[in-house]
Peer 1: 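Shown below is the structure under consideration.
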Amino acid sequence: MGTGETAKERIVRVAIPLFAERGYAGTSVADIQQAAGLAPGSGALYKHFRSKQEVLAAAIDWHIADFERSSVLLESSLPADPLAALRIIVEQLIGSLAANAQLIRITLRDLDARPELADKIATSMLGALHNAIRAWLDKAVAGGGLRPHDTEAVAALLFSAISYYPVVDILLGQAPADIEPDRITAALVDLMGRGLAAA
């Protein structure tokens with residue numbers, strides 16, 4: 001969202017960092033209205049959303065849509081070489097999770113009481129990403145670049161290994177063992193590449 005955004009889009013944009021920093025319960029409708037430049041006490045937010053929870057749901061939808069756009073661009077740009085493709089997947093996923101740091105904070109802090117929103121993230125983001133990685137692995141096996149293996153399990157393992165690094169950094173403010181992203185990427189590509197390389 002940028003220039004030319006509607007009032008509804010502006011409300012969602014400013015609500016995301018408020019929810020991430022203060023928590024859902026700690027963010028009032030008045031806080032959101034003030035951050036969006038709406039008149040205090042005017043109830044202007046309710047012209048666009050029926051409740052604060054609807055704002056949260058819209059914020060999650062916006063993050064999911066952005067994530068899906070990035071996933072489509074990633075999938076269409078992968079090279080045929082499996083190791084080169086794996087490196088791009090690792091780099092892009094780490095970058096995407098870091099870019100969605102606010103959504104990760106909101107998910108871990110506030111969605112226990114809102115299972116329908118947590119399920120949407122699990123299905124639309126995590127599930128779709130797992131399926132995309134598995135589809136890439138299947139394609140690489142079929143093309144002879146990788147040896148046959150349990151692509152469903154390896155896709156889950158790969159996603160878990162990649163996501164652990166940025167999530168710990170987001171939650172604790174420090175990467176695991178304080179290792180730079182480039183080293184994590186190189187180590188993971190080397191490990192997975194050696195294990196899955198076609199004979």
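Any value given below was found using the heavy atoms of this structure, including those in side chains, with hydrogens, waters and symmetry copies removed.
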Peer 1: Enter the distance from M125:CE to N100:CG here, rounded to the nearest 0.5 Å.
Peer 2: 4.5 Å
Peer 1: So how far is it from L108 CG to I170 CD1, rounded to the nearest 0.5 Å?
Peer 2: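 The CG atom of L108 sits 9.0 Å away from the CD1 atom of I170.
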Peer 1: Out of curiosity, does L103 fall in the hydrophobic cluster containing L126 (side-chain heavy atoms, cut-off under 4.5 Å, transitive links)?
Peer 2: yes
Peer 1: Sorted by first residue and then second, give each salt bridge (charged side-chain N to carboxylate O under 4.0 Å, His left out) pair with at least one member in residues 16-26; sequence neighbours left out.
Peer 2: R22-D31
Peer 1: Apply side-chain contact (heavy atoms from CB on, under 4.5 Å) to residues I32 and F19 and explain how you reach the verdict.
Peer 2: CA-CA 9 Å; I32 298 171; F19 289 143; 3.9 Å; yes
Peer 1: Run the side-chain contact (heavy atoms from CB on, under 4.5 Å) check on E152 and H130 step by step: do they pass?
Peer 2: CA-CA 8 Å; E152 182 178 26; H130 172 268; 3.9 Å; yes
Peer 1: Of all the heavy-atom pairs spanning E9 and E5, show the shortest one and how long it is.
Peer 2: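 Looking at all heavy atoms of both residues, the closest pair is OE1-CA, 3.1 Å.
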Peer 1: Report yes if the side chains of I88 and P79 come closer than 4.5 Å at any heavy-atom pair, otherwise no.
Peer 2: yes
Peer 1: Output yes when a side-chain donor or acceptor of E54 lies under 3.5 Å from a complementary backbone atom of R50, and no otherwise.
Peer 2: yes
Peer 1: Any sub-3.5 Å donor-acceptor pair from S96's side-chain atoms to L93's backbone N or O?
Peer 2: no
Peer 1: Taking all atoms of both residues into account, what is the closest heavy-atom pair of A35 and L18, and its distance?
Peer 2: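 Heavy atoms only, the tightest pair is CB-CD1, 3.9 Å.
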Peer 1: Within the side chain of K139, is there an N or O that forms a donor-acceptor pair under 3.5 Å with the backbone of A80?
Peer 2: no
Peer 1: Considering all heavy atoms of both residues, which atom of A39 and which atom of S42 are nearest to each other, and what is their separation?
Peer 2: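 Nearest pair, atom of A39 first, then S42: O-OG, 2.6 Å.
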Peer 1: Nearest heavy-atom pair of L78 and A85: which atoms, and what distance?
Peer 2: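 That closest heavy-atom pairing would be CD2-O, 3.8 Å.
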Peer 1: Could you give the distance from CG (L86) to CH2 (W136), rounded to the nearest 0.5 Å?
Peer 2: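 CH2 of W136 is found 4.5 Å from CG of L86.
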Peer 1: Please tell me if the side chains of H149 and L137 come closer than 4.5 Å, counting only heavy atoms from C-beta onward.
Peer 2: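 Yes - at least one pair of side-chain heavy atoms lies under 4.5 Å apart.
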Peer 1: With a 4.5 Å heavy-atom cut-off, do L117 and T107 have their side chains touching?
Peer 2: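 In short, these two side chains do not touch, never coming nearer than 4.5 Å.
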Peer 1: Quick test of your reading of the model: are R114 and D110 salt-bridged, counting only N-O distances below 4.0 Å?
Peer 2: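 Looking at D110 together with R114, the answer is no, because their closest N to O distance does not fall below 4.0 Å.
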Peer 1: If you group Ile, Leu, Val, Met, Phe, Trp and Tyr by side-chain heavy-atom gaps below 4.5 Å, do L97 and L171 land in one group?
Peer 2: yes
Peer 1: What is the minimum heavy-atom distance between H48 and A7, and which atoms define it?
Peer 2: NE2-CB, 3.7 Å
Peer 1: Taking the side chain as everything from C-beta on, heavy atoms only, tell me whether Y24 gets closer than 4.5 Å to L111.
Peer 2: no
Peer 1: Measure the spacing between OH of Y46 and CD of Q33 and express it to the nearest 0.5 Å.
Peer 2: 7.5 Å
Peer 1: Can you establish whether the number of heavy atoms outside Q102 located under 6.0 Å from its atom CD is more than 12?
Peer 2: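 Count over threshold, so yes.
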Peer 1: Tell me whether R10 contacts the main-chain N or O of A36 through its side chain, where contact means a donor paired with an acceptor under 3.5 Å.
Peer 2: yes
Peer 1: Quick check for you: to the nearest 0.5 Å, what is the distance between L56 atom CG and S51 atom OG?
Peer 2: 9.0 Å
Peer 1: Where is the tightest heavy-atom contact between R147 and G195, given as atom of each residue plus distance?
Peer 2: NE-O, 2.7 Å
Peer 1: Measuring from atom CD1 of I94 to atom CD of Q92, what distance do you get when rounded to the nearest 0.5 angstrom?
Peer 2: 10.5 Å
Peer 1: Which residue pairs pass the side chain to side chain donor-acceptor pair (under 3.5 Å) test when at least one of the two sits in residues 159-183, sequence neighbours left out?
Peer 2: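 Sorted result for residues 159-183: empty, none.
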Peer 1: Apply the test side-chain contact (heavy atoms from CB on, under 4.5 Å) to residues V154 and M192: give CA-CA distance (whole Å), side-chain angles for both, the deciding distance (0.1 Å), then the verdict.
Peer 2: CA-CA 9 Å; V154 169; M192 297 295 289; 3.7 Å; yes
Peer 1: Begin with the C-alpha distance, continue with both residues' side-chain angles, and end with the deciding distance and a verdict on side-chain contact (heavy atoms from CB on, under 4.5 Å) for L38 and I11.
Peer 2: CA-CA 9 Å; L38 302 174; I11 289 168; 3.9 Å; yes
Peer 1: Salt-bridge test for D61 and K120: reply yes if a basic N is under 4.0 Å from a carboxylate O, no otherwise.
Peer 2: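 A salt bridge links D61 with K120.
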Peer 1: Would V90 end up clustered with I179 when hydrophobic side chains under 4.5 Å apart are linked, directly or stepwise?
Peer 2: yes
